[in-house]
Colleague: 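My structure is below; once you've seen it, I'll send some questions.
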Amino acid sequence: MTLDIAVNQAAAPNREKPTMPDAQTVTSVKHWTDRLFSFRVTRPASLRFRSGEFVMIGLPGDNGKPILRAYSIASPNWDDELEFYSIKVPDGPLTSKLQHIKEGDQIILRPKPVGTLVLDALLPGKRLWFLATGTGLAPFASLMRDPESYERFDQIVMMHTCRTADELNYGRELVENLRQDPLLTELYGESFSDRLLYYPTTTRETTEHMGRITDNMTSGKVFEDLGLPKLNPEDDRAMICGSLAFNVDVKEVLEGFGLREGANSEPKEFVVEKAFVGDGI
């Protein structure tokens with residue numbers, strides 16, 4: 001496999017002299033389940049991005065040509081490194097190779113960030129909802145760690161749905177650490193943890209909260225459980241990231257509450273990430 005030749009069989013990782021165009025070096029890898037993993041890489045000195053944006057990353061294919069996919073940056077814009085959160089697809093053109101990367105290996109990273117899940121695409125509001133399934137959590141992992149999110153909104157609500165409880169571990173650990181983050185607590189006081197609400201649900205394994213995001217919103221269950229009023233266009237803003245079907249369904253629910261879809265050029269009450277890559281990556 002070209003991956004093994006170009007990456008794994010290198011005599012030694014060289015962080016200063018990349019061996020591939022747009023190469024960055026893997027600094028750490030963590031496997032959360034047999035289907036999910038996260039990894040961190042060096043950050044190009046020239047890369048500037050807004051939390052919530054994505055870049056193209058990849059590896060050389062068997063024919064030597066790069067296999068690239070859009071990946072949301074999970075780390076905030078102030079981080080010295082870049083973090084990504086990925087699914088593992090055994091026959092996926094990219095992830096069948098990417099899931100085997102190790103510290104010191106290299107990946108291709110095109111430093112041209114874009115995306116719709118940015119704070120500038122939303123009108124000012126009181127409460128910001130992050131709505132995600134699976135690895136759609138990644139851009140919100142970036143935004144939850146960005147102090148600007150808390151400057152613009154009084155409250156952040158992270159709704160994340162997966163099939164089983166272990167698939168929620170990446171997001172759960174991130175939120176728990178954020179609630180105890182000394183910098184955010186210093187900036188916003190001891191009550192900061194009350195400003196970041198977390199509502200994880202499962203669809204296949206029995207847990208405290210179950211059901212799809214759409215069902216929990218339309219039934220009003222999430223609002224009752226969190227002690228919040230139902231969505232309204234005056235106070236609430238939202239961002240959506242998941243499969244194409246999920247995005248369409250949640251968009252319809254938000255519009256039912258009176259929210260309108262916005263964009264960088266025309267901010268409104270919610271935005272959808274149209275570049276999310278599904279199970280075929």
Side-chain angles (χ1 to χ4, degrees), residues 28-40 69 71-72 74 83-92 94-96 98-100 117 128-145 155-180 193-194 196-228 230-231 238-254 272-273 276-281:
S28 65
V29 181
K30 182 169 183 176
H31 295 270
W32 297 89
T33 72
D34 60 353
R35 296 182 69 249
L36 298 166
F37 70 108
S38 61
F39 58 98
R40 294 175 66 86
R69 295 291 185 270
Y71 267 74
S72 293
E83 182 175 317
F84 299 95
Y85 184 44
S86 179
I87 193 172
K88 305 175 186 179
V89 180
D91 299 321
L94 176 58
T95 59
S96 61
L98 191 64
Q99 63 184 292
H100 299 298
L117 299 183
L128 176 56
W129 294 77
F130 295 143
L131 310 172
T133 58
T135 54
L137 178 81
F140 306 136
S142 175
L143 285 156
M144 281 190 288
R145 289 185 271 194
Q155 215 165 32
I156 304 291
V157 185
M158 179 70 246
M159 286 189 74
H160 186 209
T161 295
C162 293
R163 301 178 310 166
T164 59
D166 60 352
E167 293 179 343
L168 294 165
N169 287 341
Y170 174 81
R172 180 183 293 111
E173 181 176 304
L174 185 143
V175 171
E176 289 175 354
N177 290 338
L178 274 175
R179 284 174 167 167
Q180 302 172 29
S193 60
D194 297 331
L196 177 57
L197 305 182
Y198 179 49
Y199 196 81
T201 66
T202 54
T203 56
R204 296 189 184 180
E205 181 179 350
T206 301
T207 55
E208 180 182 2
H209 299 298
M210 297 189 65
R212 300 180 184 279
I213 286 176
T214 49
D215 295 335
N216 280 307
M217 296 192 91
T218 53
S219 69
K221 187 177 187 303
V222 62
F223 310 119
E224 181 179 348
D225 288 344
L226 295 178
L228 298 175
K230 290 187 178 181
L231 293 180
M239 294 181 172
I240 308 169
C241 190
S243 66
L244 178 59
F246 170 79
N247 291 351
V248 171
D249 290 345
V250 176
K251 176 181 175 180
E252 183 177 335
V253 170
L254 295 184
V272 182
E273 182 54 85
F276 180 75
V277 179
D279 290 346
I281 59 178

Colleague: Starting at CG of Asn169, measure out to OG of Ser38 and round the result to the nearest 0.5 Å.
Modeller: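 Going from CG on Asn169 over to OG on Ser38, the span is 11.5 Å.
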Colleague: Less than 4.5 Å apart, any side-chain heavy atom of Leu131 and any of Met158?
Modeller: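 Sidechains of Met158 and Leu131: no contact.
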Colleague: With heavy-atom distances below 4.5 Å as the criterion, would you say the side chains of Pro90 and Ser96 are in contact?
Modeller: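 With C-beta onward as the side chain, the pair stays apart.
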Colleague: Supply the atom-to-atom distance Leu228 CG to Lys230 NZ, rounded to the nearest 0.5 angstrom.
Modeller: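 Answer for the CG-NZ pair, Leu228 versus Lys230, is 13.0 Å.
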Colleague: Is there a side-chain contact between His160 and Thr201 in this structure, where contact means two heavy atoms from C-beta onward sitting under 4.5 Å apart?
Modeller: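 A side-chain contact under 4.5 Å is absent here.
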Colleague: Just how far is it from atom CG of Asp166 to atom OG1 of Thr33, taken to the nearest 0.5 Å?
Modeller: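 Nearest 0.5 Å value for the CG-OG1 distance: 5.5 Å.
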Colleague: Applying the ring-ring contact (aromatic ring centres under 6.0 Å, His included) criterion to Tyr170, which one of Phe39, Tyr85, Phe140, Phe84 satisfies it?
Modeller: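 Single pass found, and it is Tyr85.
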Colleague: CG of Leu168 to CD of Glu173: how many Å apart, nearest 0.5 Å?
Modeller: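 Output value for this atom pair is 13.0 Å.
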Colleague: Check this for me: Arg172, atom CZ, are more than 12 non-hydrogen atoms of other residues, nucleotides or ligands nearer than 6.0 Å?
Modeller: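 Above 12, so yes.
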Colleague: Give the C-alpha distance, both sets of side-chain angles, the deciding distance and a yes or no for side-chain contact (heavy atoms from CB on, under 4.5 Å) between Leu36 and Thr135.
Modeller: CA-CA 8 Å; Leu36 298 166; Thr135 54; 3.5 Å; yes
Colleague: Please check if the side chain of Glu205 supplies one atom and the backbone of Ala165 the other of a donor-acceptor pair under 3.5 Å.
Modeller: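 Flag set: sc Glu205 to bb Ala165 pair under 3.5 Å.
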Colleague: For the ring pair Tyr198 and Trp129, is the centre-to-centre distance below 6.0 Å?
Modeller: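 Centroid distance Tyr198-Trp129: not below 6.0 Å, so no.
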Colleague: Under a 4.0 Å N-O cut-off, is there an ion pair linking Arg35 with Glu167?
Modeller: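 Yes, Arg35 and Glu167 are salt-bridged.
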Colleague: As an exercise, state the distance from CG of Asn247 to NZ of Lys251, rounded to the nearest 0.5 Å.
Modeller: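 It comes to 9.5 Å.
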Colleague: For the residue pair Met217 and Val222, what are the closest heavy atoms and their distance?
Modeller: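 Here Met217 and Val222 meet closest at CA-CG1, 4.0 Å.
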Colleague: Should His31 and Lys88 count as side-chain neighbours, where that means a heavy-atom distance under 4.5 Å?
Modeller: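 SC-SC contact between His31 and Lys88 confirmed.
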Colleague: Is there a side-chain contact (heavy atoms from CB on, under 4.5 Å) between Met210 and Thr203 once you walk through the steps?
Modeller: CA-CA 6 Å; Met210 297 189 65; Thr203 56; over 6 Å; no
Colleague: Heavy-atom distance under 4.5 Å between the side chains of Ile156 and Phe130, does that happen here?
Modeller: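 Ile156 vs Phe130: side chains touch.
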Colleague: Under a 4.5 Å cut-off applied to non-hydrogen side-chain atoms, are Val157 and Leu128 in contact?
Modeller: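 No - every pair of side-chain heavy atoms lies 4.5 Å or more apart.
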Colleague: What heavy-atom pair brings Leu117 and Cys241 nearest, and what distance separates the two atoms?
Modeller: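 Result for this residue pair: CD1-CB, 3.8 Å.
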Colleague: I'd like to know whether CD of Glu224 has more than 12 heavy-atom contacts from other residues, nucleotides or ligands below 6.0 angstrom.
Modeller: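 Check fails, neighbour count at 12 or below.
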Colleague: For Ile240 and Leu254, what are the C-alpha separation, side-chain angles and deciding distance, and is it a side-chain contact (heavy atoms from CB on, under 4.5 Å)?
Modeller: CA-CA 10 Å; Ile240 308 169; Leu254 295 184; 3.6 Å; yes
Colleague: Give a yes-or-no answer on whether the side chains of Thr202 and Thr207 include a donor-acceptor pair shorter than 3.5 Å.
Modeller: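 Yes, Thr207 and Thr202 have a side-chain donor paired with an acceptor closer than 3.5 Å.
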Colleague: Could you give the distance from CG (Leu196) to CZ (Arg179), rounded to the nearest 0.5 Å?
Modeller: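 Leu196 atom CG to Arg179 atom CZ measures 5.5 Å (nearest 0.5 Å).
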Colleague: Take Phe37 and Ile87 through the side-chain contact (heavy atoms from CB on, under 4.5 Å) test and state the conclusion after the steps.
Modeller: CA-CA 6 Å; Phe37 70 108; Ile87 193 172; over 6 Å; no
Colleague: Is the number of heavy atoms from other residues, nucleotides or ligands under 6.0 Å of Arg163 CZ greater than 12?
Modeller: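 More than 12 within 6.0 Å, yes.
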Colleague: Report yes if some heavy atom in the side chain of Asn216 is under 4.5 Å from a heavy atom in the side chain of His209; otherwise report no.
Modeller: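 SC-SC contact between Asn216 and His209 ruled out.
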Colleague: I'd like to check Ser86 versus Thr95 (side-chain heavy atoms, cut-off strictly below 4.5 Å). Are they in contact?
Modeller: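 Yes; the side chains approach each other to less than 4.5 Å.
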